[in-house]
Amino acid sequence: MAKKLYIRTFGCQMNEYDSDKMADVLDAAGGATLVDAPEEADIILFNTCSVREKAQERVFHDLGRVRELKAARPDLIVGVGGCVASQEGAGIVRRAPYVDVVFGPQTLHRLPALIERRRASGQAQVDVSFPAIEKFDHLPPPRVEGAAAFVSVMEGCSKYCTFCVVPYTRGEEVSRPLDDVLVEIADLAQQGVMEVTLLGQNVNAYRGGTGDGVADFASLIEHVAEIPGIERIRYTTSHPREMTQRLIDLHGACAALAPQLHLPVQSGSDRVLAAMKRGYTALEYKSIVRRLRAARPDLALTSDFIVGFPGETDRDFEATMRLVDEVGFDGSFSFLYSARPGTPAAELPGAVPREVAQARLERLQAALEATYRANSEAQVGRHLRVLVTGAAAKNDAELAGRAPDNRVVNFAGAPELVGTYADVAVTRAYPHSLRGELRRANGSADDAR
Ligand code: SAM
Ligand code: F3S
């Protein structure tokens with residue numbers, strides 16, 4: 001009988017993707033249906049994040065709540081995967097002895113075997129190794145839900161920014177072979193997928209084997225754009241250091257590339273950028289943006305910022321504010337610096353007092369929010385080609401879709417439109433979405449793509 005599976009996901013889009021894959025492998029190995037509450041489940045999995053301390057602590061807090069369930073039902077399986085698992089390994093079982101399996105981002109395909117071994121031996125199983133790219137060869141074919149899909153093209157990160165745990169928890173950059181990615185996307189397209197997001201921790205560092213050579217990220221995009229049925233391509237997350245001129249030019253030349261890019265900058269101060277080991281200056285970052293906008297004037301650019309990095313002065317922070325002002329980001333994520341054990345920055349002197357960092361964060365967020373709002377307002381009156389993804393979040397009777405720049409657009413329309421493109425006129429801007437009126441189903445628009 002199919003097992004009931006509950007997965008709690010913390011952190012980034014890579015984790016969201018990995019959680020889907022966990023459900024797929026367990027389903028392929030004997031049947032698993034997802035349930036919404038841990039109380040109903042036979043298997044409870046936590047897919048964890050350790051990028052900031054808060055996320056990490058939440059995992060142990062939530063795990064504590066499962067303890068009683070396990071006490072009441074000893075054959076319940078409790079698993080911990082993701083980056084905390086990768087970092088702490090067997091330490092998780094020592095801290096929470098009711099955990100049955102611990103697995104890393106690169107060993108999630110071994111979940112059925114780990115659970116099996118746990119049942120047979122009565123012993124908790126821990127496997128947080130990095131067996132290169134083996135994972136992808138052991139995953140069942142992707143299940144399609146809707147017309148948009150994520151496709152992982154590379155894993156890990158070799159940049160070693162001084163504040164970040166990712167290279168230690170997910171391992172170094174490893175790319176999937178070009179053909180594997182293309183076959184997967186062609187398969188998705190045949191099942192009705194029209195929009196793909198190429199996913200990786202550092203996706204533009206992609207170097208996929210081609211049999212007799214290596215394809216870079218720009219070549220990968222060119223190939224994906226040729227797959228019949230694929231209308232729109234997005235990618236995340238990219239690194240400024242890997243933004244080659246060829247990739248920049250592609251933003252102008254490849255019509256399928258969405259006019260949207262998430263390009264983390266972290267800080268506008270060269271001193272801080274050097275201490276973070278980001279590998280570029282503020283001027284170099286601005287030069288990339290200038291060239292991107294020359295190629296694609298309507299590009300919506302978002303970013304990540306860290307505020308309160310050790311040694312960050314008022315002057316450094318003002319440099320960040322200036323950069324924000326000059327670039328005009330279309331909203332962004334911004335975080336308080338969180339010292340992560342084992343990273344070089346955790347050893348740096350010059351901790352910024354919490355109140356100072358908090359005040360800086362609020363100023364930064366207000367500035368980012370203001371541009372986002374202004375850009376949303378500017379869309380009112382425009383026609384957008386929207387991929388209809390499903391019912392609107394707050395009103396089942398309405399539809400929601402994704403605009404070219406990835407904003408959510410809500411509008412009234414027939415459910416049959418789900419999974420197709422529609423031409424929608426924007427009538428109002430809200431803080432986190434746009435409202436529109438359907439103009440044409442499957443239509444082309446003045447702002448096509
Ligand atoms: N690969 C991405 C890149 O190119 O920078 C970033 C991946 S990281 C998981 C996502 C974001 O979390 C980073 O861009 C950074 O802003 C933030 N982050 C990472 N480590 C952090 C830390 N120790 N404290 C606060 N924020 C952090
Ligand atoms: Fe982390 Fe820097 Fe890589 S932020 S994911 S080490 S690019």
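In listed order, ligands and their atoms are each counted from 1.
By the side chain to side chain donor-acceptor pair (under 3.5 Å) test, Q358 is found to be paired with E362, residues two or more places apart in sequence or in another chain being considered.
Salt bridge annotation for R360-D314: present, with a cationic side-chain nitrogen under 4.0 angstrom from a carboxylate oxygen. A salt bridge between D270 and R278 is absent, with no side-chain N of the basic residue lying under 4.0 Å from a carboxylate O of the acidic one. A salt bridge is absent between E53 and R58; no separation between the charged side-chain nitrogens and carboxylate oxygens falls under 4.0 Å.
Other residues, nucleotides and ligands place more than 12 heavy atoms under 6.0 Å from the CZ atom of R246.
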Expected list for residues 347-357: side-chain donor-acceptor pairs under 3.5 angstrom, two or more places apart:
none

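Closer than 4.0 angstrom to ligand 1 by heavy atom are V51, R52, F163, V166, Q201, T237, S238, H239, P264, Q266, R278, D304, I306, F335, L336, Y337, S338, R340, sorted by chain and number.
Partner of R8 under the side chain to side chain contact (heavy atoms under 4.5 Å, CB included) criterion, out of V66, D62, N47: D62 alone.
In this structure a side-chain-to-backbone donor-acceptor pair under 3.5 Å is missing from D330 to L301. Formation of a donor-acceptor pair under 3.5 Å by the N202 side chain with backbone atoms of A205 is not found in this model.
For the pair K4 and Y6, the cation does not sit on the ring face, since its NZ or CZ is not both under 6.0 Å from the ring centre and inside 45° of the axis.
Close contacts of ligand 2 with Q201, meaning ligand atoms under 4.0 Å from a residue heavy atom, involve 5 (S).
Around atom 2 (Fe) of ligand 2, protein N, O or S atoms at a distance under 2.8 Å total 1; waters are neither shown nor counted.
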